[in-house]
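Every chain is numbered from 1, with letters handed out A, B, ... down the list of sequences. Both backbone and side-chain heavy atoms feed into the values below; hydrogens, waters and symmetry mates do not.
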Amino acid sequence: MQTARLATPRGTRDVLPPASERIRSLTGRFAETAQRAGFRQVITPIFEHAEVFRRVGESTDIVSKEMYEFRDKDQRLMALRPELTAPLARAFANHRPRTPWRVWYEGPQFRYEKPQAGRYRQFNQVGAELIGSDDPQADAEMLALAWRFCEALGLRQVILLINSLGSPADRAAFSSALGSYFARRLGDLSEQGRATLAVNPLRLLDSKRPEDRLAAAAAPDIAEFLSKEAAGHFQTVLDALGRLGIPFAIEPRLVRGLDYYRHTTFELRSLALDGAQDAVGGGGRYDGLVADLGGPPTPGVGFAMGVDRLLLACDAEDAFDVQEQDLDIFVVDVIGGVEATLLADEIRQAGISAERAFDKRSMKAQMKAADRSGARFALLIGAEELASGTVTLRDMRRDDGEAPRGAQVRIPRGAVCEEILRRLAVEARTPA
RNA sequence: UUGGCCGUAGCUCAGUUUGGUAAGAGCGCCGGGUUGUGGUCCCGGAGGUCGGGGGUUCAAAUCCCCUCGGUCAACCCA
């Protein structure tokens, strides 16, 4: 009797090596970039009280339709986090750390959507937040962090789109102007467009439906609704980008999905990704969020980037190649029993990476395995070695055209680590 | 939530139009090519609920329905 095979739930997947190595490496690179800028990691729960998200995005699909909600055993309404800015703002409100609070994060998030390439129900993001400053230079700093990270990955076909939604009052005025503009063109809108209008007129601006695009063609421009102060803030950010040498395009239709954004809002898109999933990251300023979550009124600015999409973009650009980690030693065990276990343990304790064979397979099979493991040396232990108190160290390099087979030497069992370390050190000094 | 395309070995796919002798290939994996030695080559082998269920038929990978999953687009967004 065989039990039925179980698949991963829809929109989720197993990430096996070597793909997992790439994710780890990308996350590590982000951590480095952020740490260098004085950001420190925050780890928040995977699930939160649903209230945390409900408070900040009742009108967004992410919260109203796509959230994984459940009742725990005490009937408390919980939610798997669909995004990370709200939990970070919640954590800030709870702990009241010294400002400006500079933090980064990474981890899975969950949205109940129909999966597509680059869109999963469980997906990973890396991101950073700077809470406690309304200085436009803080916006510039976050933009620089996101941009330099893309550069560090080797991405060259990413563009920065930026916009300002102004102060809450500006945003509200613009929104109602848009509302009446579209109300006059109800007949031109698609059915879904009319539904969107009722919920959030701003969202009609980036609709991809042709009717809606046409109807939006002559829509009011956000720029005309910015207060003097908001316009100044935006201009300062743009000037900073210019001085930083970071190219950008102002996109007055850029609205973004979460409705806590104020002032600066931006998106990073990969031109190498075609299709609808070309946004690799986005963010902006959210000056009202901390207060919404019960904290003191505190400004904040941040961004998040999709790990999986970044990797898709890297693939498309042939960037961020992660070479498999080198293995120093592969222990070939011809005798079976504990000897190889002791040998492997000993050299690992000496800081040498080592894999080994099991099951006393034929030597030929073990040598094949050693070859495929990519190990620099094979370390053979068999009856002869055991009897003479030695081991055989064999060079597994395969790229030397002349040398027919790797050279091998017998070394005293007691000097194994020393000898391997010596050889590895020599190579480190004289790279091929 | 809506619509299009797709679903055959671990992977990439052929076979589906014209239902039967189509359960196949390459790669990968395992073993062998005489003493304890990798990459190439040669030989052999294992491995498949043809996504799942139902129906039509003497007969279904092949036709019909439902369903699950993937993908593309709308929606939404990372």
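- In summary, Arg262(A) and Asp170(A) do not engage in a salt bridge, as defined by a charged side-chain N under 4.0 Å from a carboxylate O.
- Side chain to side chain, Gln35(A) and Trp104(A) meet the donor-acceptor criterion of an N or O pair below 3.5 Å.
- Between the side chains of Tyr105(A) and Glu129(A), at least one donor N or O sits under 3.5 Å from an acceptor N or O.
- Mapping Arg209(A) and Met305(A) onto RNA chain B via the closest heavy atom, the residue that lands nearer the 5' end is Arg209(A).
- Within the 4.0 angstrom heavy-atom criterion, no nucleotide atom of any strand lies near Ala304(A).
- Rounded to whole Å, atom P of rC77(B) lies 14 Å from atom CG of Asp278(A).
- At a non-hydrogen distance threshold of 4.0 Å, Gly11(A) from residues 11-35 of chain A come into contact with RNA chain B.
- When heavy atoms are screened at a 4.0 angstrom cut-off, Gly127(A) is found touching no nucleic acid atom at all.
- For Gln192(A), counting side-chain heavy atoms from C-beta on, the closest listed nucleotide (rA78(B), rC75(B), rG38(B)) is rC75(B).
- Summarising the geometry, atom NZ belonging to Lys208(A) is positioned 13.5 Å from atom OG belonging to Ser190(A); distances are rounded to the nearest 0.5 Å.
- OP1 or OP2 of rA74(B) has not a single side-chain nitrogen or oxygen of Ser190(A) nearer than 4.0 Å.
- Look at Gln408(A) and you won't find any side-chain N or O under 4.0 angstrom from OP1 or OP2 of rU37(B).
- In a base pair of the Watson-Crick type (N1 to N3 plus N6-O4 or O6-N4) or a G-U wobble (N1-O2 and O6-N3), with each distance short of 3.5 Å, rG28(B) is matched with no nucleotide.
- Side-chain contact of Tyr120(A) with Glu113(A): a donor-acceptor pair under 3.5 Å is absent, judged by distance alone.
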Name the pairs: protein N/O against N/O of nucleotides 1-5 of chain B, kept only if under 3.5 Å.
{"residue": "rU2(B)", "atom": "O4", "partner": "Lys114(A)", "partner atom": "NZ", "Å": "3.2"}
{"residue": "rG3(B)", "atom": "O6", "partner": "Lys114(A)", "partner atom": "NZ", "Å": "3.2"}

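- Listed in residue order, the members of residues 142-163 of chain A having a heavy atom less than 4.0 Å from RNA chain B come to none.
- Under the ring-ring contact (aromatic ring centres under 6.0 Å, His included) criterion, Phe47(A) pairs with no residue, sequence neighbours left out.
- Using a 4.0 Å heavy-atom distance criterion, Arg203(A) is classed as a sugar-phosphate-only contact.
- Heavy atoms of Ala279(A) sit under 4.0 angstrom from primed sugar atoms or phosphate atoms, though from no base atom.
- More than 12 heavy atoms of other residues, nucleotides or ligands lie within 6.0 Å of CD in Gln157(A), so this atom counts as buried by the packing criterion.
- For the OP1/OP2 pair of rG69(B) and a distance below 4.0 Å, the side-chain nitrogens and oxygens of Arg10(A) include at least one atom meeting the criterion.
- Asp287(A) and Gly300(A) make their closest contact through OD1-N, 3.3 Å (heavy atoms, listed as atom of the first residue, atom of the second, distance).
- Using a cut-off of 4.0 Å between Lys/Arg side-chain N and Asp/Glu carboxylate O, Glu419(A) and Arg422(A) are scored as salt-bridged.
- Residue contacts for Val280(A): at a heavy-atom cut-off of 4.0 Å it reaches the sugar-phosphate backbone alone, with no base atom in range.
- At the heavy-atom level, Gln366(A) lies nowhere under 4.0 Å from the strands shown.
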Close N or O pairs between protein and nucleotides 30-32 of chain B (under 3.5 Å):
{"residue": "rC30(B)", "atom": "OP2", "partner": "Arg372(A)", "partner atom": "NH1", "Å": "3.3"}
{"residue": "rC30(B)", "atom": "OP2", "partner": "Arg372(A)", "partner atom": "NH2", "Å": "3.4"}
{"residue": "rC30(B)", "atom": "O3'", "partner": "Arg361(A)", "partner atom": "NH1", "Å": "3.3"}
{"residue": "rG31(B)", "atom": "OP1", "partner": "Arg361(A)", "partner atom": "NH1", "Å": "3.0"}
{"residue": "rG31(B)", "atom": "OP2", "partner": "Arg361(A)", "partner atom": "NH1", "Å": "3.4"}

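- Between Glu48(A) and Arg90(A), at least one side-chain N (NZ, or NE/NH1/NH2) sits under 4.0 Å from a carboxylate O, which counts as a salt bridge.
- The distance from atom CD of Glu83(A) to atom P of rA78(B) is 9 Å, rounded to the nearest whole Å.
- The distance between atom CD of Gln116(A) and atom C1' of rC75(B), rounded to the nearest whole Å, is 10 Å.
- The distance between atom CG of Asn124(A) and atom P of rA78(B), rounded to the nearest whole Å, is 15 Å.
- Between Lys360(A) and Asp333(A) there is no salt bridge, since no side-chain N of the basic residue sits under 4.0 Å from a carboxylate O of the acidic one.
- Base pairing annotation: rU1(B) forms a Watson-Crick or G-U wobble pair with rA74(B), both donor-acceptor distances under 3.5 Å.
- At a threshold of 4.0 angstrom between heavy atoms, the contacts of Leu380(A) include nucleobase atoms, whether or not backbone atoms are also involved.
- Ranking rG36(B), rG70(B), rC75(B) by closeness to the Lys208(A) side chain, first place goes to rC75(B).
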For this session: Give the C-alpha distance, both sets of side-chain angles, the deciding distance and a yes or no for side-chain hydrogen bond (donor to acceptor under 3.5 Å, both in side chains) between Thr392(A) and Arg410(A).
Result: CA-CA 4 Å; Thr392(A) 299; Arg410(A) 280 286 179 88; 3.0 Å; yes

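- The ring-ring contact (aromatic ring centres under 6.0 Å, His included) check on Phe92(A) picks up Trp101(A), with sequence neighbours excluded.
- With rounding to whole Å, Phe123(A) atom CZ is found 16 Å from rC76(B) atom P.
- Comparing Gly282(A) and Lys65(A) by the nucleotide of RNA chain B whose heavy atom lies nearest to each, the residue mapping closer to the 5' end is Lys65(A).
- Distance CE (Met67(A)) to C1' (rC76(B)): 15 Å, rounded to an integer number of Å.
- Classified by interplanar angle (parallel below 30°, tilted 30° to 60°, perpendicular above 60°), the ring pair Tyr68(A)/Phe110(A) is perpendicular.
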Exercise. So Arg24(A) and Glu21(A), salt bridge (charged side-chain N to carboxylate O under 4.0 Å, His left out) or not? Walk me through it.
Worked result: CA-CA 5 Å; Arg24(A) 199 162 60 93; Glu21(A) 293 284 296; 3.5 Å; yes

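- At the heavy-atom level, Glu191(A) lies nowhere under 4.0 Å from the strands shown.
- By the 4.0 Å N-to-carboxylate-O rule, Asp188(A) lies too far from Arg213(A) to be salt-bridged with it.
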